[in-house]
Amino acid sequence: MVMAVVVHESGGPWKAEDIALPDPGPGQVRVRVAGAGLCHSDLSFANGTLPGAFPAVLGHEAAGTVIAAGREAGSLRVGDKVVLTWSPPCGECWHCARHETHLCSQVGEPPAPFAELSDGTPLYPGLGVGAFAEETVVPAAAAIPVPEGLPLDVAGLLGCAVATGVGAVLNTARVTAGESVAVIGLGGVGLSAVQGARVAGAEVVFAVDPSEDKRELATRLGATHVAAPTLAMGGRLRKLTGGRGADHVIECVGRASTIRSAWSLARRGGRVVVAGAGARDDFVRFSAQELFLQARTLQGCVYGSVDPATDIPTYAALAVTGELDPAAMVTARSPLADAGAAAEALARGEGARTLLIP
Ligand code: APR
Ligand code: ZN
Ligand code: ZN
């Protein structure tokens, strides 16, 4: 038995309890979790905004140590330090063949049960990872080795927030040196986008959030200017960009209203990347005329368009040299058993990333 945080039904409480975790099967590894980040998507799965199966062990942003490997687990060995990814590409589908591994048709399929409750009820791993547990079992392709020199608890952030936010800037928007970037929403994803913009050499990094604490954190991580989400922010941004607006706007909230603000912050011919994961019934409106006249690109972005096997090691290397700083986004550490209280704080908008420690 291992301790895990279980959500029994959509909207239900988060309960710490013992679960039965089987040995890894062929192509799987068992990982002892060193730390798991609490991502806004965990809330969205728990409350039914994003679809998932219950009862579930959520948590999809974690790192740990391989403690057992099944047959055909590739080059992974017991003792390896790994970051988990919720998007391990199959390598065989149409998208994978086109190097669009983030769109792999196997990812997002309902995961098979990975464990059982103490009464034998099958238990599903949130996003295929199930990291809110002392230990989990994942496909070998979901465990990416990380270099020495990176604190293992914090390294988990590379698997979701950093991949999503940095990837949105470097892979999806393809920001280049000297450009202007606005980032809307400064949680783990948005703060990672700010860091990505700095790594890309953006000249203006305009970071927007209602929380002053998060704006301060964004300044530390590379934002050149910060703003609360008010009508006045557009005027300020245009002043910084020759009257035009940003070359790129990265939306990291996942709401129609903030997608709409992102749109109005972009310059004519600019690009809006929607990195936030929104609700299926939240609609954005554009007039036919403004789409044509503004000639902007509106682009959806799944998982920062990353290929986890190559991009996560790249981001890990940048974290070792200090060019990316995942640890700076961690505003609280909490015992895993207190995940429910941490989720309530996140829902109230408190803190950037909470790290849950088993
Ligand atoms: N304008 C700007 N920022 C806002 C606004 C607004 N109108 N309203 C809320 N925010 C900020 C919050 O204050 C918070 O800092 O958006 C941020 C969202 O951050 P988190 O809740 O920490 O979410 P995060 O885990 O970063 O994920 C962001 O990406 O992966 C998806 O499902 C996830 O949709 C979510 C998004
Ligand atoms: Zn996430
Ligand atoms: Zn595939």
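Both backbone and side-chain heavy atoms feed into the values below; hydrogens, waters and symmetry mates do not. Nothing fancy with the numbering, it's 1 onward along the sequence. Please read all numbers here as calculations on a predicted model, not as lab measurements. Read the numbers this way: they start at 1 and go in the same order the structure lists the ligands and their atoms.
- The nearest heavy-atom contact from the protein to atom 33 (C) of ligand 1 is Ser41 OG, 3.5 Å.
- In terms of polar-atom proximity, Asp209 is counted as a contact of ligand 1, with an N or O under 3.5 Å from an N or O of the ligand.
- Side-chain contact check for His95 and Gln106: no donor-acceptor pair (N or O, by modelled atom type) lies under 3.5 Å.
- By the 3.5 Å distance cut-off applied to N or O atoms, Val189 is counted among the residues near ligand 1.
- Around the Zn ion (ligand 3), the protein N, O or S atoms found under 2.8 Å comprise Cys90 SG, Cys93 SG, Cys96 SG, Cys104 SG.
- Residue-ligand proximity, Leu186 to ligand 1, at heavy-atom distances under 4.0 Å covers atoms 15 (O), 17 (C).
- Distances shorter than 4.0 angstrom occur between a heavy atom of Gly188 and an atom of ligand 1.
- Proximity to Val208 (heavy-atom distance under 4.0 Å) selects the following atoms of ligand 1: 2 (C), 3 (N).
- Ranked by closest heavy atom to atom 5 (C) of ligand 1, the top entry among Gly304, Pro210, Cys301, Ala207 is Pro210.
- Among the atoms of Val253, some N or O lies under 3.5 angstrom from an N or O of ligand 1.
- The atoms of ligand 1 that sit less than 4.0 Å from any heavy atom of Leu346 are 21 (O), 22 (O).
- The aromatic rings of Trp86 and Tyr303 sit tilted, their planes meeting at an angle between 30° and 60°.
- In this structure, Cys252 is part of the shell of residues with a heavy atom less than 4.0 angstrom from ligand 1.
- By the 3.5 Å distance cut-off applied to N or O atoms, Arg353 is counted among the residues near ligand 1.
- Among the atoms of His40, no N, O or S atom falls under 2.8 Å of the Zn ion (ligand 2).
- Applying the 4.0 Å criterion to heavy atoms of Gly276 picks out, from ligand 1, the atoms 29 (O), 34 (O), 36 (C).
- The side chain of Thr258, and not its backbone, has at least one atom closer than 4.0 Å to an atom of ligand 1 (non-hydrogen atoms only; side chain from C-beta on).
- Counting heavy atoms closer than 4.0 Å to ligand 1, residue Lys214 contributes side-chain atoms (C-beta onward) but none from N, CA, C or O.
- Using a cut-off of 4.0 Å between Lys/Arg side-chain N and Asp/Glu carboxylate O, Glu323 and Arg198 are scored as not salt-bridged.
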